[in-house]
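Only this structure's heavy atoms are used, side chains among them; waters, hydrogens and symmetry mates stay out.
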Amino acid sequence: MTDLLKQAEKAAPAAGKDDQPLRRSVTDGGLGFRLYSAVMGLLGLILEPLGRRLGHKRVGWMFLTPNLTFFTVFNLIPIGLLIYYSFSAGTSIFANRRTFVGLDNYQTIFDCENVLHPSSCQVDLFWRGVWNTAGFVVFEVAGLILLALVAALALNARIRARGFFRSILFYPVLLSPVVVALVWQWILQSDGLLNGALQTVGLPAVDWLIDQNWSRAWVIITSVWSNFGFHMLILLAGLQAINPQLYDAAKVDGASEWQQFRQITFPLLRPSLLVVFMLAFIRSVQTFDLPYILTSGGPGSRNMFIVQYIYSIGFATPTRNYGLAATASVLLAIVLIITSYIQMRADRRVSEGL
Amino acid sequence: SVANLVPETANNLMASPIASTVYNSTRDRITQVIAGELTVDEAVQKIQDDVDQAAANAASGQ
């Protein structure tokens, strides 16, 4: 033991000498570091007495106060007003000039013989919006995840010009939804690019945006096309986090590509897939701009989704029915809260399973 | 009955707070008939319901 201590003492001066250059570089730093130190020192002069007076926890709250104030004014208060509006009637936007009517707005919305048949409902457009949104979400989210997964798997492989293809597939995400909708409208309209191409090869033109089924299909296709790049990146990051030695071991064991995907890739990618699903679901429920610009909600109300209904009933007419619009918004928020809670529970189970 | 409409009615409708609801609802509901979502009778009833709702909303705001 004594021998060891003597050895340590002999090594200590050498360690100290080695430290000298490091200490000098820290204490004798450039102008930037001196400025930084001065600012921190000034902050310390203010915060240390505050910390001693208020306690360190309260100093933390003091730092949070500006952000909390901003959040309260621009988030919590509007949410509270929205909930009050859903229990009120009238055309005024000022809460004190509106008439409290209790659950009248909710009763109006749920006044239906059969919610599955919107024509039997008093507010049929709300229920058409609900079922249109439900149908859109199912196909759009499925298509989004499938396309993003296929693209991520393809771009995770060692292919030529991989960086170029990653950029190309991500570019639609950078475009404004209005731009995407306008471009696709020009392609799909009766005298648009697609019909021109079809007629050139002798095929008849199709009313893509006027036909009930084609219009919905194209809304889904354009939405998936413009958004899948973002989700592809999330899945790509998840794929790159998987240890490649697992695949090497699987190949040694003679596993096929499909077996490797099913037994290695998919289970380890589940957390990323859940994140992608949550983001895609919430965004698709709230979709408004792209289908509104592309179809204006038509033909009829075929592509009118719930957010467009809220916009049309609350803002698009001079007799603005803020009460019904707020009621529809509250119901939409409740659905999103419930689904987000279910998804978070699923996320926790997936994480614990790993 | 359209031929019996007096001009004052049409003029008064233009200034009415529910005029836009009459115009927009007529347009939207007829579009729904064309798209096959509603029958003509259902559309007429829905237009009436929309106008009644707008009138009630305008009255409660006064």
Side-chain angles (χ1 to χ4, degrees), chain A residues 85 88-94 96-101 104-105 108-109 111 117-129 131-132 207 209-213 215-216 295-304 308-309 312-327, chain B:
Chain A
Y85 278 29
S88 66
T91 54
S92 175
I93 198 168
F94 298 105
N96 58 343
R97 293 183 195 168
R98 296 182 64 78
T99 313
F100 182 78
V101 293
D104 277 6
N105 289 322
T108 302
I109 279 194
D111 182 12
H117 296 289
S119 301
S120 69
C121 300
Q122 184 180 348
V123 189
D124 65 314
L125 289 177
F126 170 81
W127 290 103
R128 289 189 196 281
W131 299 124
N132 287 343
D207 290 324
L209 297 178
I210 299 174
D211 180 80
Q212 292 261 350
N213 296 322
S215 61
R216 173 65 66 82
T295 64
S296 300
S301 59
R302 177 65 174 153
N303 293 298
M304 189 193 71
Q308 184 186 338
Y309 168 77
S312 64
I313 201 78
F315 299 99
T317 57
T319 50
R320 294 170 183 177
N321 197 332
Y322 295 123
L324 265 187
T327 306
Chain B
S1 60
V2 174
N4 295 328
L5 276 177
V6 294
E8 286 80 4
T9 306
N11 286 331
N12 292 340
L13 179 62
M14 282 195 297
S16 168
I18 63 168
S20 62
T21 303
V22 173
Y23 305 143
N24 293 339
S25 184
T26 305
R27 176 202 64 207
D28 293 340
R29 298 304 185 179
I30 289 177
T31 307
Q32 285 186 282
V33 171
I34 295 171
E37 293 176 2
L38 294 175
T39 64
V40 173
D41 292 333
E42 286 174 340
V44 169
Q45 184 59 50
K46 291 294 180 190
I47 293 171
Q48 185 63 61
D49 292 343
D50 291 341
V51 170
D52 291 342
Q53 177 75 38
N57 203 39
S60 63
Q62 291 169 357

Throw together a table of side-chain donor-acceptor distances under 3.5 angstrom for residues 14-21 of chain B, partners on residues two or more places apart or in other chains.
unit_1: B:S16; atom_1: OG; unit_2: B:I18; atom_2: N; d: 3.2
unit_1: B:T21; atom_1: OG1; unit_2: A:T319; atom_2: OG1; d: 3.0

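- There is no contact between B:D49 and chain A, counting heavy-atom distances below 4.5 Å.
- For the residue pair A:S119 and B:L38, the shortest heavy atom distance occurs at OG-CD2, 3.6 Å.
- Contacts of A:R128 with chain B are made by side-chain atoms alone, with heavy-atom separations under 4.5 Å and no backbone atom involved.
- The neighbour count for A:F315 CZ, taken as heavy atoms of other residues, nucleotides or ligands under 6.0 Å away, does not exceed 12.
- Judged as a side-chain hydrogen bond (donor to acceptor under 3.5 Å, both in side chains), and not counting sequence neighbours, the contacts of B:R29 are A:D124, B:Q32, B:D50.
- B:D28 CG to A:S312 OG: the interatomic distance, rounded to the nearest 0.5 Å, is 8.0 Å.
- One N or O on the side chain of B:E37 and one on the backbone of A:S301 form a donor-acceptor pair closer than 3.5 Å.
- To the nearest 0.5 Å, atom CD of residue B:E42 and atom OG of residue A:S120 are 9.5 Å apart.
- For B:Q53, the part sitting under 4.5 Å from any heavy atom of chain A is the side chain, from C-beta outward, and nothing else.
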